[in-house]
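Heads up: the structure comes next, in structure tokens.
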Amino acid sequence: MSSPIEIVTDEWGVTHITAESADDVFFGQGYAAATTRLLQMELWRRRGLGLLAEVFGEDYAELDAAARTFLYRGSVDAECDAYGAGTRETIAAFVAGVNHRIAEVLASPDGLPLEFDAAGFAPAPWSIDDVLRIRLHGLHSNADEEIARAVTLRDFGADIEDLRKPRDPREPLTVAEGLDLDAIDPAILSTYHAAHAPFVLPGAGEPAARPALDGSNNWAVAGSRTASGRPIVATDPHRLMTWPSLRTVVHLTCPEFDVIGMNEPYMPGVSGGHNGRIAFGFTIAPTDVEDVSAYELDESGERCRYGAEWEAFTTLVETIPIAGAEAREVTILFTRHGPVLHVDRERRRAYALRALWLDTGMTPYLGALAYLRAADVEEYLAALEVWGAPALNHVVADTSGRIAWQVAGRSPVRPNWDGLLPVPGDGRFEWAGTRGTGDLPGLVDPQSGWVRSANQNNLAEDPDWTGVPTSYEWYAGHRAARDVSGADHRERIGRSTVALGRTPRGPRRAAGVGGLRAGASVAQS
């Protein structure tokens, strides 16, 4: 922190942070988040890093082992570089703010929030690595569906599978040569499920059944279609209601930008909101970024077939500290494709997860840092080039009245299979790189004067897009269809009907610098 930071919480619970530099405003954001959400943030960090047993005891050791299976293991420097210059400094400032607040509460005899007294532990300092290594808070798929599809196909046939989970497009299912469906069991994903299971405090009872996500939606209307001449952006990224809530609203003001909106309290920046020049929001764009790889094992059970050779597992021994007991060592196995999910030595089979979200450049929502300074639609779209995960439908509008929709994120290129079922990990089914935001659909200033998404299969809505599907598993399209029929109805009443279309995108420019300064207010002590 190099200058004074002003932090004000208004009557609506929104925190307004003003500073003389971007680094200082991110320091303030970390400090403010830790002031109001410290237990939530500390549980997120411990859950993600596999450190729950350290404070809650042996009952949490298996959850810790599962979480450590899915940590990002790449270079932290490379991860920061993936989002552009200044990313490390931003995260460092945010973490410093968190740690400053932690130091304050630990230094005061009565400073520790009462939730920590009830839980029986104190918060620990954060590091930059913590923010970048944890990936379990992202929304991703489709390992669950691959296993469920394989079991249904084996036990009931293709017709029943077509009813269980409709596919769009409805490609015929092909079982890869060498995949033993008889060996597929839902238990293959037990570690995967343990890593993603909701956290429950000791003595809180069993967690309630988690309902499935029911979809989300967003839309933008151009200024040419509104009475005020100003565009409208609405975003409703449905997530489960929790206490404390998943997201918080924060206002960040510094010479480089002035932005207000929502973010998850353990991440710097704003992922959805506005900066006085653009407004932006998102919904999930269903994208298949996971593959279950099945391997044949040799007689020792320690090596898996790859081509004509046998490859040994890579092993990583992790130590899990346990409150009230001796630390436990766990061995995590990896293949060239990713962490091992399950080993069936009786059948001489092993299964690993190849997950794009474990790769460099895939920290969930961190790509939002790139568009905080965007001054118009084109600069926002240019900033999305570094967006990695999760795959989202972004909508944006600027003060000139322009609007856009863009699918952003990375997805694997599968040259000879569709990702609907597990495949042998013997080298015949390899990714041929990845596709990024520039390879995905979008519309800028369509003739209709509006854009929208509702998690439906909207790939073909960009007439210039000619790629292969990024998924075959979508949310039902009735919400998107209702949006279209409603818009058509309003067109018929209000003015002559116009056809859906798009105007060609102009050249994209690099993100600019600018912002609005908020007025002074009384500082929070």
Side-chain angles (χ1 to χ4, degrees), residues 10 12 14-17 22 25 29 216-239 247-254 256-264 267-285 365 367-387 392-409 437 442-446 448-454 458 483 487 502-503 505-506 508-509 511-519:
D10 66 21
W12 305 105
V14 177
T15 301
H16 304 261
I17 303 165
V25 88
Q29 184 180 14
S216 52
N217 57 85
N218 60 12
W219 47 267
V221 177
S224 61
R225 299 292 303 277
T226 68
S228 67
R230 297 182 178 183
I232 300 173
V233 171
T235 185
D236 188 7
H238 298 189
R239 295 296 293 270
R247 296 188 174 103
T248 184
V249 178
V250 65
H251 181 194
L252 308 175
T253 301
C254 61
E256 292 88 348
F257 53 81
D258 186 342
V259 61
I260 184 170
M262 63 181 175
N263 78 312
E264 298 183 9
M267 300 295 293
V270 168
S271 56
H274 68 86
N275 66 8
R277 301 182 182 186
I278 61 168
F280 45 91
F282 58 82
T283 66
I284 285 294
Y365 300 102
L369 294 175
Y371 53 67
L372 299 183
R373 297 166 172 82
D376 56 31
V377 163
E378 291 298 336
E379 290 185 3
Y380 184 88
L381 295 177
L384 290 181
E385 294 295 337
V386 302
W387 188 275
L392 298 177
N393 288 288
H394 289 257
V395 296
V396 60
D398 63 29
T399 52
S400 74
R402 301 185 65 204
I403 60 172
W405 153 67
Q406 178 65 51
V407 182
T437 299
L443 292 173
V444 179
D445 295 329
S448 64
W450 70 293
V451 292
R452 62 85 176 89
S453 71
N458 55 4
D483 287 345
R502 66 172 286 181
T503 56
R505 295 178 187 166
R508 294 187 174 181
R509 301 192 299 273
V513 176
L516 306 173
R517 292 303 309 274

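None of these values were measured; they are calculated from a predicted model.
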Discussion item. Whether the side chain of Asp445 engages the backbone of Ile403 through a donor-acceptor N/O pair (distance < 3.5 Å, no angle test) should be reported.
Written reply: yes

Discussion item. I'd like to know if the side chain of Gln406 reaches the main chain of Leu381, judged simply by a donor and an acceptor atom lying under 3.5 Å from each other, with no hydrogens or angles considered.
Written reply: no

Fill in: Considering all heavy atoms, the nearest Leu369-Pro268 contact
CD2-O, 3.7 Å

Practice prompt. Compare all side-chain heavy atoms of Asp398 with those of Pro231 and state whether any distance is below 4.5 angstrom.
Written response: no

Item to complete: Measure from the side-chain N and O atoms of Asp236 to the backbone N and O of Ser216, and report whether any donor-acceptor pair falls under 3.5 Å.
Response: no

Worksheet item: Distance from Thr253 atom OG1 to Ile17 atom CD1, nearest 0.5 Å?
Response: 9.0 Å

Worksheet item: Which atom names give the shortest non-hydrogen contact between Val233 and Ala397, and what distance separates them?
Response: CG2-CB, 3.5 Å

Worksheet item: Got a salt bridge between Glu378 and Arg402, using NZ or NE/NH1/NH2 to carboxylate O under 4.0 Å?
Response: yes

Item to complete: Say whether, by atom type as modelled, one donor and one acceptor occur between the side chain of Tyr371 and the main chain of Ser271 under 3.5 angstrom.
Response: yes

Worksheet item: Judged by atom type as modelled, is there a donor-acceptor pair below 3.5 Å linking the side chain of Asp376 to the main-chain atoms of Tyr380?
Response: no

Worksheet entry | Closest non-hydrogen atom pair between Ser453 and Thr283, with its separation | OG-OG1, 2.9 Å

Practice prompt. Name the orientation class of the two ring planes belonging to His394 and Phe282 (parallel below 30°, tilted from 30 to 60°, perpendicular beyond 60°).
Written response: tilted

Fill in: Non-hydrogen side-chain atoms of Arg452 and Trp450 separated by less than 4.5 Å
yes

Worksheet item: Do Asn275 and Phe257 come within less than 4.5 Å of each other through their side chains, counting heavy atoms only?
Response: no

Worksheet item: Between Arg225 (side chain) and Ser448 (backbone), is there a donor-acceptor pair under 3.5 Å?
Response: yes

Discussion item. If you define the side chain from C-beta out and look only at heavy atoms, does anything of Ile232 sit under 4.5 Å from Trp219?
Written reply: yes

Worksheet item: Heavy-atom distance under 4.5 Å between the side chains of Val270 and Met262, does that happen here?
Response: no

Worksheet item: Would a distance-only check, ignoring hydrogens and angles, find a side-chain to backbone donor-acceptor pair under 3.5 Å from Gln29 to Val25?
Response: no

Worksheet item: Which atoms form the tightest heavy-atom contact between Val451 and Ala404, and what is the distance?
Response: CG2-O, 3.8 Å

Worksheet item: What closest approach, in Å, do Tyr365 and Arg247 show between heavy atoms, and which atom pair accounts for it?
Response: OH-NH2, 3.7 Å

Practice prompt. Say whether, by atom type as modelled, one donor and one acceptor occur between the side chain of Thr437 and the main chain of Gly409 under 3.5 angstrom.
Written response: yes

Discussion item. Are the side chains of Val250 and Ile260 in contact, using a 4.5 Å heavy-atom criterion?
Written reply: no

Worksheet item: Going by distance alone, is a donor N or O of one side chain under 3.5 Å from an acceptor N or O of the other, for Asn458 and Asn393?
Response: yes

Worksheet item: Distance only, no hydrogens: is a donor on one side chain within 3.5 Å (strictly under) of an acceptor on the other, for His251 and Asp258?
Response: yes

